[in-house]
There are 2 protein chains.
Amino acid sequence: MAPSHVFDAHPLVQKLESIFALADDEKAAILSMPMQVATLRADQDVVRVGDSPSRSCIILEGMTATYVSTSKGRRQIVSFGIMGDTPDLQSLLLEEMDNSLSTLTPCTLGFVQHAVLRDVCTRFPRIAAALWRSTLVDAAIFRAWMTSIGQREGYSRMAHLFCELVARKRAVGLVEEDRCAFPITQTELADALGMTAVHVNRVLQALRSDGHIVLDQGWLTVPDWDRLVAVADFDATYLHVKENRPAA
Amino acid sequence: MAPSHVFDAHPLVQKLESIFALADDEKAAILSMPMQVATLRADQDVVRVGDSPSRSCIILEGMTATYVSTSKGRRQIVSFGIMGDTPDLQSLLLEEMDNSLSTLTPCTLGFVQHAVLRDVCTRFPRIAAALWRSTLVDAAIFRAWMTSIGQREGYSRMAHLFCELVARKRAVGLVEEDRCAFPITQTELADALGMTAVHVNRVLQALRSDGHIVLDQGWLTVPDWDRLVAVADFDATYLHVKENRPAA
DNA sequence: TGCCAAGCCAAACATATGTTAGTGGTGGAT
DNA sequence: ATCCACCACTAACATATGTTTGGCTTGGCA
């Protein structure tokens, strides 16, 4: 068998290894799963409310949004997906989608049949456990968003979201120094934060003029991480990752 | 082996059977798990943020609240637990609690050691799958709350919560006709809905005077289910239960 | 019996946020 | 080259909701 490091390029291996070390046969099993890679434009639905998909996807590149629509035409973005995330893994066990998934940017996604996933899970219970765990982290993020939307005013609510995204991107190597891509429009930010685009703009100006963030041309930079963390009341433990401090 | 119906009294069996039928040996395995039953008064913490419990609980009787506290002293109740729920099952896979759990009413809880749960899960993968699935339903409820808090005004937001609780209680046989126990104070309601107690009171009066609910002495009755569903914009599919209509 | 905390309720006032209605810039499509 | 969407941004105004304060009732407890 090849040395294990040759497997490490697979995004799902990286994802699960961030939870606990995988044995070589476990990595091999993941690597051998047939995965259909697809490239999507921005703003394309991947799955919709009511669908019963027979496969789930992993984000190889780009950013996605999971959202729920209200009968009054409003929508709540309930999560952002970044590289390595499996934003519709729940459909493996829940028959009918109660939310929709769409691309925020051009994306490349890897689709794996549920039958394949189920087979791997029964043969390698530790992989099943790691996947289960990743859905529990998703749930923890939902709780954090709910707390932010329910209890924090716009200013710290938005700061909290910035902290979370930077922390998550940092965990998968998508942050250089104090800077990362931030391809989210103000309208999308509004749908995620439970406020209007107008108010998002207001709060954004305030965060900018207070020197907490620089957001320009789709790039976010955080001049002083600790200060942003303070105004956001951000505590990264809910993300359940090992390292969350910026690299020294 | 005894006929299967003798097992059905166990609340965890009931819970998992609502997902799919269990084989007799699976039921027997659940029944044989050592479970420590404890009775708690109202307003007692079961686990707290930062804890790393070595066991999880199932609610045998009473009602619980899971909550997250903000550094500014505010708290968001992120879920209510009713009979059959496993409100801290996540601690089986996530080392550190990112939320607290406390009793809303006097409760009787059954505690099962994680080691025992892990053993049963490896011996009976279908039980593991059912438990995983139940945590995914919890996550779906988080999404629904987030959507309500973020996008619905107080009136329909509160109506939505009433609908959800009645639907969930109905699914476990805790609703008679159009009436069920509702032991939640207005302050707790406020913490769950992301609004103040004063506003909860205002909205409650409005819902009452519009004839959508009767809430008195800890009992909730819904005179016209379909009308409440309409104002709440409630769609029960996110609960992922089989039956959600009132019994004829 | 009386006290006290908890819960429900309400009025008056304050404000964070929503709504409406624009402007100007930019990049892709034809 | 010219549109035409989309996006960022802003001002003026409207309102849902928060804050403060206090009264009333009830039930447990000394």
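All chains are named by letter (A, B, ...) in the order of the sequence lines, taking the proteins before the strands, and each is independently numbered beginning at 1. None of the values given here were measured: they were computed from a predicted structure.
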Could you state the atom-to-atom distance from [atom1] of [X] to [atom2] of [N] in whole Å?
X	N	atom1	atom2	value
B/E188	C/dG7	CD	P	7 Å
B/R152	C/dT17	CZ	P	20 Å
B/L204	D/dT17	CG	C1'	16 Å
B/M195	C/dT17	CE	P	16 Å
B/H199	D/dG18	NE2	P	6 Å
A/R41	C/dG28	CZ	C1'	11 Å
B/N201	C/dC8	CG	C1'	6 Å
A/I149	C/dA16	CD1	C1'	16 Å

Checklist entry - Would you say the ring centroid of A/F80 lies under 6.0 angstrom from that of A/W145? => result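 Yes, ring centres under 6.0 Å apart.
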
Checklist entry - With nearest nucleotides of DNA chain D determined for B/Q217 and A/Q186 from heavy-atom distances, which residue corresponds to the more 5′ nucleotide? => result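 Whichever sits nearer the 5' end wins; that is A/Q186.
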
Item to check | Sequence neighbours excluded - salt bridge (charged side-chain N to carboxylate O under 4.0 Å, His left out) pairs with any residue from residues 54-69 of chain B | outcome: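 Every pair satisfying salt bridge (charged side-chain N to carboxylate O under 4.0 Å, His left out) with a residue in residues 54-69 of chain B: there are none.
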
Checklist entry - Which comes earlier along DNA chain C counting from the 5' end, the contact point of A/E153 or that of A/V198, where each point is its nearest nucleotide? => result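 Nearest-nucleotide comparison on DNA chain C picks A/E153.
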
Checklist entry - Toward the 5' end of DNA chain C, which comes first, B/R202 or B/I184, by nearest nucleotide? => result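 Going by which nucleotide is closer to the 5' end, it is B/I184.
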
Using a 4.0 Å heavy-atom cut-off, does [X] contact any base of the nucleic acid, only the sugar-phosphate backbone, or nothing at all?
X	answer
A/T196	base
B/G194	sugar-phosphate
B/R74	nothing

Next on the checklist: Just by distance, no angles: are the side chains of B/T39 and B/T108 close enough, under 3.5 Å, to form a donor-acceptor pair?
Outcome noted: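 B/T39 vs B/T108: no donor-acceptor pair found between side chains.
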
Item to check | B/T185, nearest nucleotide to its side chain (from C/dC9, C/dG7, C/dA12) | outcome: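 The nucleotide sitting nearest to the side chain is C/dG7.
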
Checklist entry - In terms of side-chain heavy atoms of B/R157, which of D/dT10, C/dT17, D/dT17 is nearest? => result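 Per side-chain heavy atoms of B/R157, the pick is D/dT17.
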
Checklist entry - How are the rings of B/H160 and B/Y238 set relative to one another: parallel (under 30°), tilted (30 to 60°) or perpendicular (over 60°)? => result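 Taking B/Y238 first and then B/H160, their aromatic rings lie parallel (interplane angle under 30°).
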
Checklist entry - Do the charged groups of A/R152 and A/D233 touch, with an N to O distance under 4.0 Å? => result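 Salt bridge between A/R152 and A/D233, a charged N being under 4.0 Å from a carboxylate O: yes.
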
